[in-house]
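What follows is a short report on a single structure.
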Amino acid sequence: MQGLDYSKIGERIRQVRRAKGWSQETLAKKCGISLNFMGKIERGDRKMSMDTFASLCMELETDADALLWGVVKTSESADNMWKHFVKKDSDSYSMYIRIMKSVADIMNET
């Protein structure tokens, strides 16, 4: 199984952020993380929690595959996917986080 390349993930996050015209500070505030940590994520210097990753996907209105692997889904728009996770305390959001954590655990076992 292919491992995660945090530098490429950070580059993709930066590209989407810039396409929206946002500063690092703007995205960091939206996600509830520090500007310093946001910079480290974009440089691939630090790993992020699944909660932070999900928050980045939600705020950037993009799907996980696009940020993780650079794969853009054409069958479902990211907007439709993330509108289900408007509230972080929703059952759908909690289920999504559990699924993503399970996927990360499986990927780290290889």
Side-chain angles (χ1 to χ4, degrees):
M1 178 160 264
Q2 181 181 357
L4 294 173
D5 185 332
Y6 293 97
S7 294
K8 288 184 180 177
I9 293 168
E11 288 174 23
R12 292 182 195 112
I13 291 169
R14 182 182 302 116
Q15 288 172 347
V16 176
R17 174 184 59 76
R18 286 181 175 168
K20 290 187 164 291
W22 294 350
S23 66
Q24 277 186 339
E25 183 176 14
T26 298
L27 182 55
K29 283 181 182 177
K30 288 177 177 283
C31 294
I33 61 175
S34 71
L35 175 59
N36 185 37
F37 186 46
M38 185 75 246
K40 289 179 180 184
I41 290 171
E42 286 191 358
R43 288 189 303 278
D45 293 341
R46 292 274 313 271
K47 294 179 183 180
M48 66 195 107
S49 70
M50 291 306 298
D51 287 335
T52 299
F53 181 71
S55 191
L56 283 165
C57 289
M58 187 171 59
E59 294 300 334
L60 292 170
E61 298 176 324
T62 191
D63 60 67
D65 285 339
L67 296 181
L68 291 174
W69 314 112
V71 176
V72 178
K73 292 183 181 182
T74 56
S75 62
E76 176 183 58
S77 74
D79 190 40
N80 287 335
M81 181 179 145
W82 287 107
K83 73 180 180 183
H84 300 293
F85 303 113
V86 173
K87 292 184 179 179
K88 288 188 178 184
D89 60 349
S90 73
D91 290 337
S92 296
Y93 179 82
S94 297
M95 181 176 61
Y96 177 78
I97 294 299
R98 286 194 306 273
I99 290 168
M100 291 302 295
K101 285 181 180 178
S102 296
V103 169
D105 289 344
I106 290 167
M107 292 178 71
N108 287 328
E109 288 176 4
T110 60

Q: Would you sort out whether Arg43 and Arg14 count as a side chain to side chain contact (heavy atoms under 4.5 Å, CB included), showing the intermediate values?
A: CA-CA 9 Å; Arg43 288 189 303 278; Arg14 182 182 302 116; 4.2 Å; yes
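Here CG of Leu68 is found 10.0 Å from OG1 of Thr62. Values are rounded to the nearest 0.5 Å. Rounding to the nearest 0.5 angstrom, the gap separating the CG atom in Asp65 from the SG atom in Cys57 is 9.0 Å. Distance check, rounded to the nearest 0.5 Å: CD1 of Ile13 to CD of Gln24 gives 10.5 Å. In this structure, Trp22 CH2 and Leu60 CG are separated by 6.0 Å, a value rounded to the nearest 0.5 Å.
Closest non-hydrogen pair, Cys31 versus Glu59, comes out as SG-CG, 3.9 Å. Summarising the geometry of Arg17 relative to Glu42, their closest heavy-atom pair is NE-OE2, 2.6 Å, with the distance given to 0.1 Å.
Ile33 is not connected to Leu35 by any chain of hydrophobic side-chain contacts under 4.5 Å among Ile, Leu, Val, Met, Phe, Trp and Tyr, and they are in different clusters.
Here the side chains of Leu56 and Met38 are in contact, with some heavy-atom distance below 4.5 Å. Looking at Met48 and Ile9, their side chains come closer than 4.5 Å, going by heavy atoms from C-beta outward.
Taking the side-chain contact (heavy atoms from CB on, under 4.5 Å) definition, one finds that Ser23 meets it with Glu25, Thr26, sequence neighbours left out.
Residue Lys20 qualifies as enclosed at atom NZ: its count of foreign heavy atoms under 6.0 Å is above 12.
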